[in-house]
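Let me begin by presenting the structure, written as structure tokens, before commenting on it.
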Amino acid sequence: MMNNKHTLKIVTLASSLVLPTIAVSGEVEVLHWWTAGGEAKSVAVLKDMMEQQGHSWKDFAVAGGGGESAMTVLKTRAVSGNPPSAAQIKGHDIQEWGNLGFLTTLDDVAKKEKWDSILPSVVTKVMKHKGDYVAVPVNVHRVNWLWANPVVLEKSGATVPTSMDDFFVQAEKIKKAGYIALAHGGQPWQDATIFEAVALDVLGSKDYRKAFVDLNMTVLSGPKMVEVFTKFKRVHDYIDSNSPGRDWNVATSMVINGEAAMQIMGDWAKGEFTAAGKVPGTDYICAPAPGTEGQFTFNIDSFAFFDLGDKSNEQAQKDLARTILTKDFQEIFNLNKGSIPVRLDMDMSKFDQCALDSMATFKSSAKSGDLVPSMAHGLSTTSYAQGAIYDVVTNFFNDKSADPTKAADKLARAVKSAM
Ligand code: GAL
């Protein structure tokens with residue numbers, strides 16, 4: 001019979017040989033809506049990195065750009081007591097989920113990995129609930145971009161528009177030359193993405209913030225907002241009749257294949273150009289959305305982490321959180337996704353000109369007051385106010401006889417009832 005000493009030795013030996021791998025491996029179920037070409041490539045990087053650490057990845061993808069469907073499915077799962085390990089949740093939604101008591105703290109990982117010092121404070125604010133990290137940022141997307149096909153512009157005798165007024169001049173030339181001027185998908189979040197770009201030009205950063213962050217009634221219903229709606233309405237003249245319901249990546253492919261000249265969309269669109277093997281500056285142009293040079297509408301993708309009943313997967317959850325902010329992941333993921341790394345201490349030598357411009361503007365706009373959160377992507381206000389804005393914007397855009405003055409008034413009233 002073995003004495004206790006021997007038993008102890010064997011157990012110690014066994015645990016040093018076997019336990020580290022067995023004890024740490026677990027499963028992460030991750031909800032996201034990254035199903036388009038560039039998006040799918042990006043999320044696959046995270047899956048691979050988790051599998052390399054011995055964990056298994058249960059993919060919980062819910063298609064639909066902007067994530068509205070994903071959020072609906074997430075609510076059902078969470079309410080039935082079966083949330084995933086992590087879910088793509090952004091901006092104010094993180095606070096809403098935190099207030100409901102669903103999220104877990106990541107503070108031990110955050111301390112070890114020094115998140116407070118590697119991340120800009122504009123980002124950490126969004127990731128913390130009552131002072132605790134409950135979410136991890138993945139990237140920084142710039143939303144106010146214009147993507148253009150240089151061949152179509154040239155054939156139309158058009159140039160890259162530098163203001164909304166110039167946009168109408170150039171779009172008219174493109175339309176006359178027989179091309180679709182603006183590739184667009186008629187879905188509420190895409191309508192809102194164009195609307196906020198027009199608002200950024202017309203209102204300027206200060207009033208943009210007053211309208212969509214402070215929800216200031218005077219700005220929401222004021223004469224400049226009427227001008228935003230007036231210009232937004234004119235944009236409709238330059239999209240094609242097949243746009244209703246079209247997915248954003250299908251619209252991007254119309255610019256890639258030369259059917260359309262331009263698209264106003266966040267830089268996840270660049271992920272599509274990259275996945276198609278296209279090079280910026282040669283095959284396509286990235287430029288600030290008309291009239292928004294020096295301004296930066298930010299959209300930070302992040303994963304919020306749920307409090308799991310099953311503790312055996314907690315280590316896998318922590319490894320997922322840690323992996324997301326490693327330099328390796330930040331580089332490969334963002335090269336595929338079209339965004340820039342959320343860490344400011346990264347070597348950017350592998351990134352293209354669009355990403356370098358984005359990084360430079362991200363930094364300069366933070367100083368000049370031109371760094372503003374995206375309303376369309378849930379960074380500027382609650383999901384309630386955002387939903388109210390979406391409704392007014394989409395109904396207006398799809399109604400030929402809608403009146404801009406009435407729309408501004410409706411906008412203010414809708415936001416007020418959602419406050
Ligand atoms: C945004 C998201 C981006 C991109 C886009 C289209 O809301 O932040 O990462 O995926 O939707 O799906």
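Along the sequence shown, residues carry numbers from 1. What's counted below: heavy atoms across the whole structure, side chains too, no hydrogens, waters or symmetry copies. Both ligands and their constituent atoms are indexed starting at 1 by order of listing.
- The pair Lys224-Asp207 meets the salt-bridge criterion, since a charged nitrogen lies less than 4.0 angstrom from a carboxylate oxygen.
- For Phe168, there are no ring-ring contact (aromatic ring centres under 6.0 Å, His included) partners two or more places apart in sequence or in a different chain.
- Lys111 has no carboxylate O lying under 4.0 Å from a charged side-chain N of Asp116, or vice versa, which leaves the two without a salt bridge.
- By the ring-ring contact (aromatic ring centres under 6.0 Å, His included) test, Phe229 pairs with Phe195, Phe396, sequence neighbours left out.
- Annotation: Trp189 is not in aromatic contact with Tyr390 [ring centroid separation under 6.0 Å not met].
- A heavy-atom cutoff of 4.0 Å around ligand 1 is satisfied by the protein residues Trp33, Trp34, Glu39, Gly65, Gly66, Lys90, His141, Trp189, Trp248, Trp268, Asn299, Asp301, Lys337, His377.
- Counting only residues at least two apart or on different chains, the ring pair (Phe, Tyr, Trp, His ring centres under 6.0 Å) pairs with a member in residues 319-348 are Trp34-Phe333, Phe329-Phe333.
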